[in-house]
Peer 1: 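Mind having a look at this structure? Questions to follow.
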Amino acid sequence: MIRKWKEKDLDAVMELWLIGNTEVHSFIPQKYWQQNFNEIQRVVPISTTYVYEHRGEVKGFISVMEGYLLAIFVAADIRKCGMGLVLLDCMKQREKSLTVTVYEKNVEAVRFFIRQKFKVESELTEDSTGERQLMMTWECDS
């Protein structure tokens with residue numbers, strides 16, 4: 001079930017965020033994610049956030065603030081089962097456009113967003129990691 005985020009979901013969402021980032025961004029030291037944990041924990045409650053809940057457990061989430069896709073993560077045991085697409089489609093129904101920044105080395109994420117009609121708008125280098133990123137945007141057709 002996809003539903004709007006509730007305050008009681010914060011710990012599960014943050015666990016998905018931390019584990020997901022360290023798993024899919026192995027090229028960035030885990031310390032980087034731990035240093036950014038508190039900022040994301042502060043931002044999620046003031047963002048538009050939806051969770052995927054299965055049998056009482058939060059297994060995925062998507063979070064957007066002012067059209068910027070802050071996070072989309074799905075538990076490892078259900079990755080590549082289409083839940084990321086379901087979460088993204090949920091948000092696309094609510095937003096006229098979305099922008100996301102993706103690490104260039106995260107090839108699977110880049111491919112995912114391209115398949116979902118996001119276009120690369122620019123390339124940049126993140127100061128804190130030195131990693132190349134792609135800024136990608138999606139706009140509603142109607």
Side-chain angles (χ1 to χ4, degrees), residues 1-54 56-76 78-142:
M1 160 174 76
I2 304 286
R3 63 169 173 77
K4 197 147 177 64
W5 175 88
K6 296 177 185 173
E7 192 173 328
K8 70 178 181 79
D9 300 322
L10 186 58
D11 288 343
V13 163
M14 292 309 301
E15 183 177 352
L16 284 169
W17 179 85
L18 184 59
I19 291 170
N21 271 308
T22 57
E23 288 176 351
V24 302
H25 302 117
S26 59
F27 49 89
I28 294 177
Q30 186 173 357
K31 179 176 147 185
Y32 172 81
W33 304 112
Q34 293 166 338
Q35 290 170 339
N36 287 282
F37 186 91
N38 289 339
E39 177 61 15
I40 300 301
Q41 190 172 36
R42 182 190 69 77
V43 172
V44 166
I46 60 174
S47 305
T48 302
T49 302
Y50 287 85
V51 299
Y52 166 61
E53 183 180 44
H54 181 67
E57 184 179 356
V58 174
K59 301 291 274 181
F61 79 100
I62 187 167
S63 192
V64 171
M65 180 178 272
E66 298 175 1
Y68 186 81
L69 179 54
L70 298 169
I72 180 170
F73 287 97
V74 176
I78 61 166
R79 275 189 210 136
K80 298 184 182 180
C81 294
M83 190 44 60
L85 176 59
V86 172
L87 286 164
L88 185 59
D89 283 346
C90 171
M91 200 58 78
K92 281 180 168 181
Q93 293 172 15
R94 291 159 173 77
E95 301 284 333
K96 293 182 184 197
S97 66
L98 292 169
T99 299
V100 65
T101 306
V102 182
Y103 289 105
E104 192 173 56
K105 288 181 182 175
N106 188 349
V107 176
E108 286 188 35
V110 172
R111 287 182 187 147
F112 171 79
F113 286 112
I114 288 173
R115 282 192 310 269
Q116 303 317 311
K117 305 207 184 323
F118 279 73
K119 295 184 172 125
V120 176
E121 296 294 329
S122 63
E123 297 180 18
L124 51 121
T125 300
E126 186 179 48
D127 291 336
S128 54
T129 62
E131 290 293 335
R132 300 275 303 151
Q133 294 181 312
L134 303 175
M135 174 132 343
M136 305 175 79
T137 60
W138 165 85
E139 293 194 22
C140 181
D141 291 335
S142 54

Peer 1: By side chain to side chain contact (heavy atoms under 4.5 Å, CB included), which residues pair with Glu123, not counting sequence neighbours?
Peer 2: Glu104, Arg132, Leu134
Peer 1: Do Tyr32 and Glu126 have a side chain donor and acceptor closer than 3.5 Å?
Peer 2: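 The criterion, which ignores hydrogens and geometry beyond distance, is satisfied for Glu126 and Tyr32.
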Peer 1: With a 4.5 Å limit on heavy-atom distance, are the side chains of Phe118 and Val100 in contact?
Peer 2: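 A side-chain contact under 4.5 Å exists here.
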Peer 1: Nearest 0.5 Å, what's the CG-OG distance between Leu69 and Ser97?
Peer 2: 11.5 Å
Peer 1: Just jot down the salt bridge (charged side-chain N to carboxylate O under 4.0 Å, His left out) partners of Arg42, sequence neighbours excluded, or say none.
Peer 2: Glu39
Peer 1: If you measure from CH2 on Trp138 to CG on Leu98, what distance do you get to the nearest 0.5 Å?
Peer 2: 5.5 Å
Peer 1: Excluding sequence neighbours, so at least two apart, what forms side-chain hydrogen bond (donor to acceptor under 3.5 Å, both in side chains) with Gln116?
Peer 2: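 With neighbours one apart ignored, the set is empty.
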Peer 1: Assess whether atom CD of Gln34 is packed by more than 12 heavy atoms of other residues, nucleotides or ligands within 6.0 Å.
Peer 2: yes
Peer 1: Considering only residues two or more places apart or on different chains, which pairs with a residue in residues 12-21 satisfy salt bridge (charged side-chain N to carboxylate O under 4.0 Å, His left out)?
Peer 2: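 As it turns out, there is no salt bridge (charged side-chain N to carboxylate O under 4.0 Å, His left out) pair with a partner in residues 12-21 once direct neighbours are skipped.
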Peer 1: Could I get the full list of side-chain hydrogen bond (donor to acceptor under 3.5 Å, both in side chains) partners for Thr49, not counting sequence neighbours?
Peer 2: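 side-chain hydrogen bond (donor to acceptor under 3.5 Å, both in side chains) list for Thr49, sorted by chain: Ser63.
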Peer 1: Please name all residues satisfying side-chain hydrogen bond (donor to acceptor under 3.5 Å, both in side chains) with Gln133, sequence neighbours left out, ordered by chain then number.
Peer 2: none
Peer 1: Passes side chain to side chain donor-acceptor pair (under 3.5 Å), Thr101 versus Tyr68? Steps please.
Peer 2: CA-CA 9 Å; Thr101 306; Tyr68 186 81; 2.7 Å; yes
Peer 1: To the nearest 0.5 Å, what is the distance between CZ on Phe113 and NZ on Lys119?
Peer 2: 15.5 Å
Peer 1: Can you list every salt bridge (charged side-chain N to carboxylate O under 4.0 Å, His left out) pair that touches residues 82-98, not counting sequence neighbours?
Peer 2: none
Peer 1: With sequence neighbours excluded, tell me which residues meet side chain to side chain contact (heavy atoms under 4.5 Å, CB included) with Leu10.
Peer 2: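 Side chain to side chain contact (heavy atoms under 4.5 Å, CB included) list for Leu10, sorted by chain: Trp5, Met14, Gln41, Val44, Pro45.
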Peer 1: Go through the structure and list residues passing ring-ring contact (aromatic ring centres under 6.0 Å, His included) with Phe27, not counting sequence neighbours.
Peer 2: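 Partners of Phe27 by the ring-ring contact (aromatic ring centres under 6.0 Å, His included) criterion, ordered by chain and then number, come out as His25, Tyr103.
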Peer 1: Please tell me if the side chains of Lys59 and Met83 come closer than 4.5 Å, counting only heavy atoms from C-beta onward.
Peer 2: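 No; the side chains remain at least 4.5 Å from each other.
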Peer 1: Identify, with sequence neighbours excluded, every residue that meets side-chain hydrogen bond (donor to acceptor under 3.5 Å, both in side chains) alongside Ser26.
Peer 2: none
Peer 1: Compare all side-chain heavy atoms of Val13 with those of Val51 and state whether any distance is below 4.5 angstrom.
Peer 2: yes
Peer 1: Would you please name every residue forming a side chain to side chain contact (heavy atoms under 4.5 Å, CB included) with Thr48, sequence neighbours left out?
Peer 2: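 With sequence neighbours excluded, Thr48 shows a side chain to side chain contact (heavy atoms under 4.5 Å, CB included) to Lys4, Tyr50, Met91, given in chain and number order.
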Peer 1: Lys8: what forms a side chain to side chain contact (heavy atoms under 4.5 Å, CB included) with it, not counting sequence neighbours?
Peer 2: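 Lys8 satisfies side chain to side chain contact (heavy atoms under 4.5 Å, CB included) with Arg3, Lys6, Glu53 once adjacent residues are dropped.
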Peer 1: Do other residues, nucleotides or ligands put more than 12 heavy atoms under 6.0 Å from Gln35 CD?
Peer 2: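 For Gln35, atom CD is crowded (more than 12 foreign heavy atoms under 6.0 Å).
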